[in-house]
There are 2 protein chains.
Amino acid sequence: MELQEAKDKFIHTWGTLATQWGINRTMAQIHALLLLSPKAMNADEIMNDLQISRGNVNMNLRDLMDWGLIYKQLLAGERKEYFAAEKDIWKVARQIAKERRRREIEPIIEAMEDLKTSVKPDSVEKKEFLKIVEDISKVTTIADSTMTSIIKSEENWLINNLLNVFKK
Amino acid sequence: MELQEAKDKFIHTWGTLATQWGINRTMAQIHALLLLSPKAMNADEIMNDLQISRGNVNMNLRDLMDWGLIYKQLLAGERKEYFAAEKDIWKVARQIAKERRRREIEPIIEAMEDLKTSVKPDSVEKKEFLKIVEDISKVTTIADSTMTSIIKSEENWLINNLLNVFKK
DNA sequence: AAATACTTTCAGAAAATTTTGAAAATTCAA
DNA sequence: TTGAATTTTCAAAATTTTCTGAAAGTATTT
């Protein structure tokens, strides 16, 4: 398979996979495009490569910056804004984990805390309800702290786990 | 807050959160409803409680069974099928992690392996491309084995982590 | 300060996903 | 069997999400 064909396949696949886990297809494709691009790209180049509108490119570039997956680069002598993806995959993975923790796990904990404080355990049924809320809260807090410690851990975690992978 | 009000809020919140991570709102709401229900429910009861169609209930019950989050219960003397949710939240969390691993992580590894075998490293550009593919493959494999070990671990993992949480 | 180059916004259009409900299929009892 | 009860399917409708493109906004140069 030739390079451009492989890149296209990568971008296409990445977009399809992303939709499955609730991420916008175009956002994922722009990310993939920048990840594979040796140099930073501007909005026109992205529009052209992916055949999408300026508004769409702009909006998704902003979202990708919110996710901490791409950076704006101002090139000397250029008026246009250029964008480059973080290429260190370990950093990318940590960033994704961090954002998903913030967007998926934290809201659960908040919602459960909210219910806990607003329901008083003055009947058997309410106690049963609160038990479930409390259990979800606990398990989610554990998931949260597990993710946090993974995110905070540095390269050695990667190396340790690589060893584990090859041991198996 | 009274019990029914709290249950409704729980169901509503659970549904809203679910859409954020790419899970069907109704599926999450049915799951929440069964999680809070002291007894197994049939399709008519669910239709009535959530005000949704029979087709919708049927389809989402099937999906929830695929996810391993609810069970079918055949009640003696009853023609209708009854459904009950797994109430052990630790099991629920493990089941969700297991399914997400299968649906989100495994396909990435497959796609990367596929690209690795179909691109030959006969140019600098192709080598750079393969480096990215390889890195994603590695990091994803690590995430995979991490999730697998958490899923396989038993209650003591939960207890250990609870201790960690409280230590902090 | 006017013109130019570029970015952002957002209402409406298009696309994708979810839901409905009635018909078909299945199950079970008589 | 037959028929009543229940479940499943799926085309069309409703809803939600995403995308477009032109207008408005910003920044930079002359």
Please say whether more than 12 non-hydrogen atoms of neighbouring residues, nucleotides or ligands are located less than 6.0 Å from NZ in Lys98(B). no
Which one, dT7(C), dT6(D), dT9(D), comes nearest to the side chain of Arg62(B)? dT9(D)
Does Lys9(B) offer a backbone N or O that forms a donor-acceptor pair with the side chain of Thr13(B) under 3.5 Å? yes
Ile23(B) CD1 - dT18(C) C1' separation (whole Å): 15 Å
For the pair made of CD in Glu78(B) and P in dA4(D), what is the distance, rounded to whole Å? 20 Å
Using a 4.0 Å heavy-atom cut-off across all strands, classify Asn42(A) as base, sugar-phosphate, or nothing. nothing
Taking for each residue the nucleotide of DNA chain D bearing the nearest heavy atom, is the 5' side occupied by Arg25(A) or by Arg79(A)? Arg25(A)
Tell whether Arg54(A) reaches the base of dT8(C) with its side chain through a donor-acceptor pair below 3.5 angstrom. no
Give a yes/no on whether any side-chain N or O of Asn58(B) is located under 4.0 angstrom from OP1 or OP2 of dT7(D). no
Separation of dT18(D) C1' from Ile52(A) CD1 (nearest whole Å): 11 Å
Atom pair distance, as rounded to whole Å: CG in Asn24(B) and P in dT15(D): 15 Å
Met59(A) atom CE is separated from dT17(D) atom P, nearest whole Å, by 12 Å
Round to a whole Å and report the spacing from CG of Asp63(A) to P of dT18(D). 10 Å
From CD of Gln51(B) over to C1' of dT19(C), roughly how many Å is that when rounded to an integer? 14 Å
If I take atom CE in residue Met65(A) and atom C1' in nucleotide dT7(C), what distance separates them, rounded to the nearest angstrom? 11 Å
Check this for me, if you would: do Glu99(A) and Arg102(A) make a salt bridge, where the nitrogen-to-carboxylate-oxygen distance has to be below 4.0 angstrom? yes
Spell out, yes or no, whether Met65(A) and Val92(A) are grouped together once hydrophobic residues are joined by side-chain heavy atoms under 4.5 Å, including indirect joins. yes
With Ala28(B) via side chain to side chain contact (heavy atoms under 4.5 Å, CB included) - residues at least two apart: Trp14(B), Ala18(B)
Over all strands shown, is Thr26(B) touching base, sugar-phosphate only, or nothing at heavy-atom distances under 4.0 angstrom? sugar-phosphate
